[in-house]
Structure formats: structure tokens, C-alpha cells
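Here is how names work: the chains are called A, B, and so on, in the same order as the sequence lines, proteins then strands, and each is numbered from 1.
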2 protein chains.
Amino acid sequence: MEQPDKRHIIFYTVLELIREKGFHGTPMSMIAGRANVAAGTIYHYFESKDVLLVELYQFIKNQVVEIISETETSSEKYDEQFYNLWANLYNFYINNPNVLGFFEQFVNSPYYKDELADANVCALRGTLLGFFRKGIESKMLMPLRPEILSALFHGSVITMAKMHRLRKVVLEGEEIKDVIDACWRSVTHAGTSYPEQSNLKIKLNKMEHENGKV
Amino acid sequence: MEQPDKRHIIFYTVLELIREKGFHGTPMSMIAGRANVAAGTIYHYFESKDVLLVELYQFIKNQVVEIISETETSSEKYDEQFYNLWANLYNFYINNPNVLGFFEQFVNSPYYKDELADANVCALRGTLLGFFRKGIESKMLMPLRPEILSALFHGSVITMAKMHRLRKVVLEGEEIKDVIDACWRSVTHAGTSYPEQSNLKIKLNKMEHENGKV
DNA sequence: CCATGCCGATTGAATGTTCATTCGGTTATT
DNA sequence: AATAACCGAATGAACATTCAATCGGCATGG
């Protein structure tokens with residue numbers, strides 16, 4: 001109830017257009033057209049284009065934080081949490097293919113500077129770092145700085161998701177497990193065992209959609 | 001002699017501005033100003049802004065191709081080539097911090113569509129794939145699709161370089177070796193040994209610079 | 001059950017600004 | 001002197017944003 005649906009329609013439209021046309025190349029008029037809304041209406045919901053983009057960024061980022069903390073607070077064994085986290089994030093990016101492109105452009109824009117100090121970013125980083133710190137302390141993971149392990153982990157998710165989006169590498173069947181194995185090997189001591197397949201709980205994480213229109 | 005220096009000055013200026021201001025947010029007038037050149041002069045060298053950006057992209061991409069094929073055709077042992085490749089690419093991105101941001105924005109722009117079929121991209125992909133195929137055939141690497149190994153490899157370079165640029169993780173001393181070890185573990189069978197430190201030949205890969213100006 | 005007034009949502013033409021590009025003229029190079 | 005490099009004010013198109021006008025639902029009172 002809080003925010004009418006139109007806000008979200010605009011969000012999804014922007015996401016879509018930015019993937020198609022890039023960060024420039026999507027004027028407000030085009031957003032309005034695609035969202036079946038008058039130009040003025042957008043300004044009823046968002047102060048300016050800048051604000052729209054920043055709020056869209058936060059909207060998505062919160063969903064990522066959600067996924068991480070949900071998976072991270074489950075009570076599974078550490079290695080299972082690790083696998084689930086990888087797979088859940090991967091699925092999120094796969095199922096929301098517009099998100100990665102938007103993120104990359106946002107991060108490289110002037111908007112992002114203000115965001116760096118943002119509380120939620122810290123929450124995100126904090127949660128993930130905590131997860132890896134725990135792994136290091138329990139001698140499960142390599143004794144490297146948690147920032148490094150965290151980067152390797154998230155980097156491999158992002159990379160595989162990007163490959164998927166560009167249709168360069170689409171993981172099939174067992175391959176997704178193979179890749180997570182590789183990621184697990186990279187952050188653990190040689191010889192550490194892999195978790196039982198059967199315990200993994202992987203979610204789809206698709207954002208609700210449909211333009212309201214056809 | 002072929003292309004006067006001014007072309008390169010413009011290239012580096014654009015690279016710099018795009019990191020600062022983002023892909024939009026850098027008008028031609030600003031490029032001209034920063035490069036100490038009149039607006040019209042840019043059009044003496046480049047047909048349009050679009051062409052300028054595409055040519056800049058190709059200019060940088062060729063340097064990356066250069067690094068890869070140079071390292072790859074050296075006669076070291078496979079594992080040493082692997083380490084050198086990682087380190088050389090990492091150093092290139094570290095020493096040219098404007099490049100990654102530009103790449104990410106370019107790839108997510110409409111310009112990129114035309115580039116996908118480009119011969120050099122195929123050369124790049126081909127070379128790297130060949131390198132991993134070789135590793136798989138010699139049983140050195142895991143029997144996964146070379147595309148996957150290649151993605152994991154390049155992904156970890158890019159991720160660490162990005163972390164460096166954002167000052168989130170700056171690898172110090174032994175850490176760079178630790179990270180390459182991790183990457184090596186991820187693509188090899190458990191128990192495969194690491195190369196001798198002493199044989200590694202790592203280059204700096206800094207693009208020549210200086211604005212011509214202060 | 002209708003009439004009236006209220007208010008947020010919505011519209012899209014109009015406005016002013018920013019920007020890529022042009023071009024007539026100037027300077028440097030041969 | 002001829003050609004190439006360079007300049008920067010002028011041009012016109014594209015764009016973000018504004019705003020006066022309309023819509024539509026809903027509450028009140030007759």
C-alpha cells in the first residue's frame with residue numbers, strides 16, 4: 001500500500017531501457033513512453049532523474065542484501081551456506097538480467113560517490129565479511145583477509161552471471177555445481193571436502209514483474 | 001608518425017573524464033577543455049563522438065590482446081604462464097585505473113553491439129580459450145569447458161583490480177601470490193603443485209601517458 | 001440517491017538548457 | 001603559396017523539468 005504500483009512499473013521500465021539503450025540513451029520521455037505514463041507523472045513520484053536512478057539502485061541493492069542475510073542466517077553447516085549463497089546470488093542475477101548492467105553503469109557514475117558511505121552498503125559488506133571471517137576463524141577457509149575471500153567469491157558469481165547474460169557461457173546441469181566447487185576450492189585449503197548435494201536449498205529469487213501492460 | 005600525438009592525448013583525456021564524470025556527464029566541450037584543444041579539433045581526428053568512443057575502445061582492447069598473446073607465446077612452463085598471465089593482466093588494470101570503468105560502461109552501451117562480432121574480440125577470446133584448452137588436454141586443469149575456466153580466471157583478475165581501484169582491497173606483498181594461488185587451485189585438481197616463485201616474469205604494463213600539459 | 005466540493009494523480013505542451021556538430025576563418029608546416 | 005592543423009562562436013536538436021489544466025474517486029450533505 002505504501003508505494004503505489006506505478007513506482008515499481010517505472011523502476012522496471014528504467015531497468016529494461018538501460019539494458020537496451022545504456023545509461024545515456026534513455027531520456028525521461030522514453031521512460032515515460034515505455035511505462036505508458038506521461039512525462040510529468042514520473043516527477044510526481046521522483047524529484048528528478050538523478051533521484052530516480054539513486055532510488056532504483058537502492059531498491060535493487062536491498063534485494064541483494066535480503067538474499068545474503070537470509071541465506072547467511074539459516075542454520076545449515078558452513079559449507080552448505082557457502083554453496084547456497086553462491087547459487088542464490090547467481091540465480092538472482094540470472095533471473096533479473098537487467099540488474100547487472102544497471103549496477104555496473106551506476107557504480108561508474110558520479111551518483112555512486114554519495115552512495116559509498118551509505119549504511120546499506122556497509123550492511124552488505126559487513127554481512128558478507130562476517131560470513132568469511134567466521135570461515136577463517138573456524139579454519140575452514142584459507143587464512144587470507146576476509147575482504148579478499150569475499151571479493152573472490154562475489155567476483156566469481158558476477159562473472160558467471162555476466163557470461164550467462166551475454167550468452168557466452170550458460171551453465172548446464174552439473175556445471176553450476178562444478179563452478180561452485182571451483183570457487184570453494186579457491187578459498188579453502190587443498191583437500192577440504194565438499195558439502196552433500198542433497199542438503200542444498202537453492203531459491204529462484206526472481207523479482208515480481210509485468211508492466212501492468214500487455 | 002602515422003597518427004599524431006593529439007589523438008592519444010584525446011584518448012587519455014576521455015578515459016580520465018569518463019572515470020570522473022561517467023559516460024554521460026562528459027560532453028565534447030569538456031573533453032576539449034581538458035585536452036587543451038578546441039572542440040573543432042576533435043572532429044578533425046574523429047568523425048563523431050560515437051566513433052571516438054569506439055576507437056578508444058579498440059585502442060585499449062588491442063593492448064589487452066597484446067598482453068595476453070605476448071605472455072601466452074612465451075616458452076615458460078604452463079603453470080608459470082598461468083601465473084604470469086594473471087599478474088600481467090592485473091598490473092595492466094592496476095596501472096591504468098581508468099580502463100576498467102570505461103570498459104564496463106562501453107560494454108553496457110549500444111556501441112558494443114556492433115563490436116561483438118569484431119575480429120579482435122574473437123582473437124582475444126580465441127587466444128585465451130586456446131590457452132585453457134591446452135591446460136585441459138594436458139590434464140593440468142580441471143575437465144570443465146574452457147569457456148568456464150577462462151571466465152573464472154579473467155573474472156578473478158577483474159574483480160581484484162576493481163577492488164583495488166575502489167580502494168576496498170589493495171593487495172600487499174605476498175597477497176598477490178596468494179590470490180593467484182587461489183585462482184590456480186580453483187581451476188586445477190586438488191593437489192596440483194604451484195610453480196616456483198623464482199621463474200615468474202611479471203611486467204608493469206603501464207600505458208605511456210602525460211597530457212602534453214602540466 | 002444525487003449534487004457538490006475536495007484532493008491527489010495524471011496529462012502533455014511549453015520552456016530553457018545543454019550538448020554534439022558545423023563552418024568560416026586563422027595559424028602552422030611543407 | 002598551398003595544404004594541413006587548429007580554433008571557437010554559431011546552430012539546431014535533444015533533453016530534463018515545469019505547470020496549468022483535467023481526471024476520477026470519495027466524502028459530505030441535502
Between CD1 of A:Ile31 and C1' of D:dC15 the distance, given in whole Å, is 12 Å
With sugar-phosphate taken as primed atoms, P, OP1 and OP2 and all else as base, the protein-contact string of nucleotides 13-23 of chain C at under 4.0 Å (heavy atoms; B, S, -) is ------SSBB-
Are B:Tyr90 and B:Trp86 an aromatic pair by the rule of ring centers under 6.0 Å?
yes
Rounded to whole Å, the CD1-P distance (A:Ile10 to C:dT11) equals 10 Å
dist B:Ile68:CD1 -> B:Phe92:CZ (nearest 0.5 Å) comes out at 10.0 Å
Can you see if the side chain of A:His44 gets near the phosphate of C:dA9 - specifically, an N or O under 4.0 Å from OP1 or OP2?
yes
Regarding A:Ser186 and B:Trp184, is there a side-chain donor-to-acceptor distance under 3.5 Å anywhere? no
*For the ring pair B:His164 and B:Tyr93, is the centre-to-centre distance below 6.0 Å?*
no
If the cut-off is 4.0 Å, is B:Lys6 near the phosphate of D:dA5, judged by side-chain N/O to OP1 or OP2?
no
OG of B:Ser150 to CZ of B:Arg133, rounded to nearest 0.5 Å, is 10.0 Å
- Task: Answer yes or no: is there an ion pair linking B:Asp181 with B:Lys177, defined by an N-O contact shorter than 4.0 Å?
- Result: yes
With B for base contact, S for sugar-phosphate-only contact and - for none (protein heavy atoms under 4.0 Å), nucleotides 25-30 of chain C reads ------
| said: With a 4.0 Å cut-off on N to O distance, would you call B:Arg34 and B:Glu16 a salt bridge? | reply: yes
To the nearest angstrom, the NZ-C1' distance between A:Lys21 and D:dA14 comes to 15 Å
> Does the distance from a Lys or Arg side-chain N to an Asp or Glu carboxylate O, for A:Arg125 and A:Glu147, drop under 4.0 Å?
Replying inline: no
message = Between B:Thr41 and D:dA5, is there a contact of a side-chain N or O with OP1 or OP2 at under 4.0 Å?
response = no
